[in-house]
There are 2 protein chains.
Amino acid sequence: MASKSAPRATYAEIAKTAGVSEATVSRVLNGDENVHPDRTKAVNAAVKKLGYKKHRAASALASGRTGLIAVVIDDDLSIFADPFWATVTSGISRVLMENELQTLLMVTPLESVDGPVAHYLMGGEVDGAIFFQLHKDALIKRLRKQNLPIVITGTPHSRSDFPFVDTDSFGGAHAATKHLFSRGCRQVGIITGDIDTTAGAARLDGYNQAYRESGHVPSKKLIASGDWSMESGRAAMARLLEKAEGIDGVFASNDLMAVGAMAAIEEAGLRVPEDIKIIGFDDSVVAQTARPALTSVRQDIVALGEAAAELMIAQLRGEEVQPRILKSELVIRETT
Amino acid sequence: MASKSAPRATYAEIAKTAGVSEATVSRVLNGDENVHPDRTKAVNAAVKKLGYKKHRAASALASGRTGLIAVVIDDDLSIFADPFWATVTSGISRVLMENELQTLLMVTPLESVDGPVAHYLMGGEVDGAIFFQLHKDALIKRLRKQNLPIVITGTPHSRSDFPFVDTDSFGGAHAATKHLFSRGCRQVGIITGDIDTTAGAARLDGYNQAYRESGHVPSKKLIASGDWSMESGRAAMARLLEKAEGIDGVFASNDLMAVGAMAAIEEAGLRVPEDIKIIGFDDSVVAQTARPALTSVRQDIVALGEAAAELMIAQLRGEEVQPRILKSELVIRETT
DNA sequence: CGATTGCGCGAAACCGCTTTCACGAAAAGG
DNA sequence: CCTTTTCGTGAAAGCGGTTTCGCGCAATCG
């Protein structure tokens, strides 16, 4: 199909022009210490002169290392439309590239432990896999058993020792809630995300903790559950307005729900932030485009991706790795 | 590193259990017609029995086909945070996977014609490349010359015969502008995107065309330029309000600028849609979260990705391909 | 100073699949 | 019935690196 205009250089040529054996070329190109400096120099010179680039497939075949890291999004397409994941991915990609690794993107529900993706991952086609939005971890366990380096983005449900990276949801929610109190709110409600997700649960925990520290007890009436969507935020806020009289502050577990809540408040004839103050989570575009602009908990999403990639690379090097939790930060705008 | 618990099956074993030669196994597995049905059956049975999966690297080395398609985003990380590109990518990924191809993601500025990415692409590491957000096409031309199948997402600047896919920007802008007139607007302005981009120019053209069809001539005062950002939309709208008295409708070339414009209108003490009607482009999340909810031109972004992948696959098959322009559609909400 | 150790290096096997080549058998032609 | 094609097939030569193995040589030891 693709005819190569410039027939790429091979070890054979490098070996010849450098006056060494192919074995030595390989040693130099793979950073083997035990090569005489002179030869190393000769090889490097030949490499540069010939504009040599290693042939991945050949290298992979011989060494078993493909130089490919899969980024697996265990969901259908829609999830990837969330800028969050795209941003994480770009962070991953950058770090991987710097380390001579390529990012293989797989957006697909991981139905079964032996679906096509599973086979792909277990078939040694990649050197490691980074998971987003993991639903069940049966597959992961299998992969782990095969010594496939794994990193999970987001806190996994099971208490297993999977390497993972995540934002400090608890801390962010805690800070947000505290900020609402410090701004004079007395009755602070929360709109939770899907409680089955670890992030949803952690944000609720952070809220509860901050509430207790303020010396009060959060009434059940102040807690309304959503599912991360704008519409669910609007509905949850409507319920709060009805049940929790005197509510004057709301921590929404993500920006989309916060915007929904703002709509509900407006519909009820109240004003943000005068009557009710609002904080979101994620500091996404919608936080910035909302009017009034939404105070939100920012996570450094690119850094999250970078951390994931770094954890992967550490594993590839055979190092032991610890989960990494990234700090979050409150960005104060006009809704508080 | 990764010790394989189950040492994968090879052609040798399949050949033995099927009672044929490795060559025949290869033929069957690659869809060669000239194999006796009996042997084909035997091979397929053996494959299933042994749970065989082809070893990509080996296959790639021998055949020169890697099964990898690069998705190259010629920009820094930030661009990928735009849900637009992520969504396109997910569409691409889905179609590629269905065709046994994998998506290799490369997010990086394509500085030069012989940067690392360029070499990577020219080095036969991938079977094809799909480009986003292409800045200059020197590299593309080179790749094309090497017979590397290429697809560009978005309309390329040069009139070259690159296969590309795009949304009908002209048509969308045209429909949006017409809609504003039909809603009773008399003085319809436009906030353009970056005019140097083909999309920016096409949207302006569509606006002009619709204006002329309405029997009027668009005054220069009604045209303000932005750069796709919310802030630029706000500034552009402020200028329009100042210069173009009587303006009662605005087509913003994307949603972000539309939202910025709405903010400016509100700041000026006017109301949307009563005083000024607004239409955006993209139908992104912000269009849905804006209050009032923004009327916008929707493009089927996933389909755009799918079309890109299909064009790639067609080229891989050696077929001639035509550019593909996808229809856009007006989604009417509360701002018109 | 002979024996042992260790270092640097090349020969060659190998990774798993693809593809060319040539050969025997069956089909077609005379 | 014999020759010429056609068809199906296996043997074997790669594809381009990596890695094991063992050899010569110099440094170290007793």
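Labels below follow one simple rule: chain letters A, B, ... track the order of the sequence lines, proteins then strands, and each chain is numbered from 1. Keep in mind it's a predicted model, so treat the numbers as computed, not measured.
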**Message:** Checking side-chain polar atoms at under 3.5 Å, does Asn44(A) have a donor or acceptor matched by the opposite partner on Thr40(A)?
**Reply:** no
**Message:** Can you tell me which residue among Val71(B), Ile130(B), Ile69(B) is in a side-chain contact (heavy atoms from CB on, under 4.5 Å) with Thr103(B)?
**Reply:** Val71(B)
**Request:** Measure the distance from NE2 on His36(B) to P on dA26(C) and round it to the nearest whole Å.
**Result:** 12 Å
**Item:** Whole-Å distance separating the CG atom of Asn30(B) from the P atom of dT19(C)
**Value:** 7 Å
**Message:** By the 4.0 Å heavy-atom rule, please label Ser26(A) as base, sugar-phosphate, or nothing.
**Reply:** base
**Request:** Kindly say if Asn34(A) contacts the phosphate of dC7(C), meaning a side-chain N or O under 4.0 Å from OP1 or OP2.
**Result:** no
**Request:** Take the protein atom CG of Leu61(A) and the nucleotide atom P of dG16(D), then report the distance between them rounded to whole Å.
**Result:** 12 Å
**Message:** Holding to ring pair (Phe, Tyr, Trp, His ring centres under 6.0 Å), I want the full list of residues that pass it with Tyr11(A), two or more places apart in sequence or in another chain.
**Reply:** Tyr52(A)
**Message:** Going by side-chain contact (heavy atoms from CB on, under 4.5 Å), name the residues that satisfy it together with Ala45(A), two or more places apart in sequence or in a different chain.
**Reply:** none
**Message:** At less than 4.0 Å, is any side-chain N or O atom of Arg65(B) found next to OP1 or OP2 of dT19(C)? Yes or no.
**Reply:** yes
**Prompt:** For His157(B), which residues count as a side-chain contact (heavy atoms from CB on, under 4.5 Å) partner, sequence neighbours excluded?
**Reply:** Thr198(B)
**Message:** How many whole angstroms separate atom CG of Asp32(A) from atom C1' of dC7(C)?
**Reply:** 11 Å
**Asked** Hey, does the side chain of Tyr52(A) come within less than 4.0 Å of dG16(D)'s phosphate (OP1/OP2), counting only N and O?
**Response** no
**Request:** Please list all pairs passing the salt bridge (charged side-chain N to carboxylate O under 4.0 Å, His left out) test where one or both residues lie in residues 49-59 of chain B, with sequence neighbours left out.
**Result:** Glu125(A)-Arg56(B)
**Item:** Rounded distance (Å) that lies between atom P of dT18(D) and atom CZ of Arg56(A)
**Value:** 12 Å
Could you go over nucleotides 10-13 of chain C and give all protein N or O partners under 3.5 Å, atom names and distances?
| from | atom 1 | to | atom 2 | distance (Å) |
| --- | --- | --- | --- | --- |
| dG10(C) | OP1 | Arg39(A) | NH1 | 3.4 |
| dG10(C) | OP2 | Ser21(A) | N | 3.3 |
| dG10(C) | OP2 | Ser21(A) | OG | 3.0 |
| dG10(C) | OP2 | Thr24(A) | OG1 | 2.5 |
| dG10(C) | N7 | Arg27(A) | NH1 | 3.3 |
| dG10(C) | O6 | Arg27(A) | NH2 | 2.3 |

**Prompt:** Whole Å only: how far is the CG atom of Leu29(A) from the P atom of dT18(D)?
**Reply:** 7 Å
**Fill in**
When rounded to whole Å, the CG to C1' distance for the pair Asp38(A) and dC7(C) reads 15 Å
**Request:** State which residues pass ring pair (Phe, Tyr, Trp, His ring centres under 6.0 Å) with Tyr120(A); sequence neighbours excluded, sorted by chain then number.
**Result:** none
**Prompt:** For Ile14(A) and dG17(D), what is the distance between atoms CD1 and P respectively, to the nearest whole Å?
**Reply:** 7 Å
**Any Ser63(B) side-chain N or O less than 4.0 Å from OP1/OP2 of dC15(D)** = no
